[in-house]
Amino acid sequence: MVNPTMPTDPAEPPYAAASSVTQLIAAEVWDHLWPWSHHGFQRQRAMQAASMALGLAASVVWILAAMGQMEAGALIGWWFGWSVFEVVVRLGSKPYVKDGPWWGRRYRVANTMDMVCYVGFKNLLIGATLFIGLKSLGLLTP
C-alpha cells in the first residue's frame, strides 16, 4: 500500500530493527560517519575504492589542519569536494534517508536531492565543529 505522506518508497537500513537503544545509537553514528556498505562494494568496486582513497585524503587534510599546515580556504575546498563525492557514494551504498523526527525509525528511499541535502547538512555540522575547534586552538591560518 502506498503511503501518501512519504515522498518516496519506505526503506529499512540493516540496523533499523536494533533491539536496544544503545545498539541503535551506535549504528546511527556509524551510519552517519561511514558512507560505505558491503552492498555498495559488491556493485561498484572501483567507485567505492576511489571514494575510500578520497575519504582518506580528506582525513589527512583535517590532520594537516590540526597540525597548522593547512590554510582555511584549502580545508574548506577539500571538505566541499569530499561532500560532493560522498553524495555519489551514499546513493550507491546507502540510498536511504530518515523521514520524520530524528528520534524516529522511519526511513525512505533517497533521491538525489534528498542525499544532497542530507550529506550537505551533516557535513556542514561536522565541518563547522572541526573548523571552529581548530580555529579556537589557533591551529588554522586564515
Side-chain angles (χ1 to χ4, degrees), residues 1-137 139-140 142:
M1 182 172 182
V2 176
N3 183 345
T5 64
M6 291 182 73
T8 58
D9 293 334
E12 186 162 334
Y15 63 86
S19 57
S20 75
V21 173
T22 306
Q23 287 176 334
L24 182 64
I25 290 172
E28 284 268 349
V29 168
W30 179 258
D31 195 52
H32 290 309
L33 297 177
W34 189 258
W36 303 280
S37 72
H38 178 71
H39 172 70
F41 278 114
Q42 296 303 320
R43 291 182 353 161
Q44 305 171 317
R45 289 184 191 271
M47 174 63 99
Q48 297 296 328
S51 69
M52 289 196 90
L54 188 60
L56 179 63
S59 299
V60 168
V61 167
W62 278 107
I63 292 167
L64 288 173
M67 294 169 50
Q69 303 296 314
M70 181 67 57
E71 292 187 15
L75 179 61
I76 292 168
W78 266 97
W79 196 238
F80 178 78
W82 163 249
S83 297
V84 169
F85 205 70
E86 185 180 351
V87 169
V88 176
V89 170
R90 281 191 180 273
L91 283 170
S93 291
K94 297 178 177 180
Y96 54 82
V97 291
K98 188 174 275 192
D99 192 65
W102 63 268
W103 60 84
R105 291 191 189 189
R106 191 166 108 167
Y107 303 87
R108 63 182 176 83
V109 175
N111 60 36
T112 303
M113 200 65 216
D114 291 329
M115 197 58 73
V116 167
C117 293
Y118 165 72
V119 169
F121 187 68
K122 173 185 74 74
N123 285 358
L124 178 67
L125 292 176
I126 292 170
T129 301
L130 292 170
F131 193 84
I132 290 169
L134 293 174
K135 274 300 246 193
S136 67
L137 294 172
L139 298 174
L140 202 57

- request: Run the ring-centre check on W79 versus W62 and record whether the distance is less than 6.0 Å.
  value: yes
message: When you compare the side chain of L33 with that of I126, does any pair of heavy atoms fall below 4.5 Å?
response: yes
- request: List the atom of L134, the atom of A66, and the distance in Å for their closest heavy-atom pair.
  value: CD2-CA, 3.4 Å
message: Working to the nearest 0.5 angstrom, can you tell me the gap between N123 CG and Y118 OH?
response: 8.5 Å
- prompt: Looking at K98 and G104, what are the two nearest heavy atoms and their distance?
  reply: NZ-O, 3.2 Å
Minimal non-hydrogen separation, V109 against D114, with atom names: O-OD2, 4.0 Å
- prompt: Any side-chain heavy atom of L54 sitting closer than 4.5 Å to one from W78?
  reply: yes
- line: F85 meets the ring-ring contact (aromatic ring centres under 6.0 Å, His included) criterion, sequence neighbours left out, with none
Residues in side-chain hydrogen bond (donor to acceptor under 3.5 Å, both in side chains) contact with Q23, at least two apart in sequence or another chain: S19
field: Closest non-hydrogen atom pair between P35 and S93, with its separation
entry: O-CB, 3.3 Å
message: Restricting to non-hydrogen atoms, name the atom on P95 and the atom on M115 that form the minimum distance, rounded to 0.1 Å.
response: CA-CE, 4.1 Å
message: If you define the side chain from C-beta out and look only at heavy atoms, does anything of K94 sit under 4.5 Å from V89?
response: no
- prompt: Between V119 and S83, which heavy-atom pair has the shortest distance, and what is it?
  reply: CG1-O, 3.5 Å
Inter-residue atom distance L64.CG - M70.CE, 0.5 Å rounding: 4.5 Å
Euclidean distance, L75 CG relative to F131 CZ, rounded to 0.5 Å: 6.5 Å
From S51 atom OG to L56 atom CG, the distance as rounded to the nearest 0.5 Å: 11.0 Å
message: Please report the interatomic distance CG(L24) to CZ(R105), rounded to the nearest 0.5 Å.
response: 4.5 Å
- prompt: Under the side chain to side chain contact (heavy atoms under 4.5 Å, CB included) criterion, do W36 and R90 qualify, and how do the steps go?
  reply: CA-CA 7 Å; W36 303 280; R90 281 191 180 273; over 6 Å; no
Please tabulate, one pair per line, all N/O donor-acceptor pairs under 3.5 Å involving side-chain atoms of residues 9-16, not counting sequence neighbours.
from : atom 1 : to  : atom 2 : distance (Å)
Y15  : OH     : D31 : OD2    : 3.1

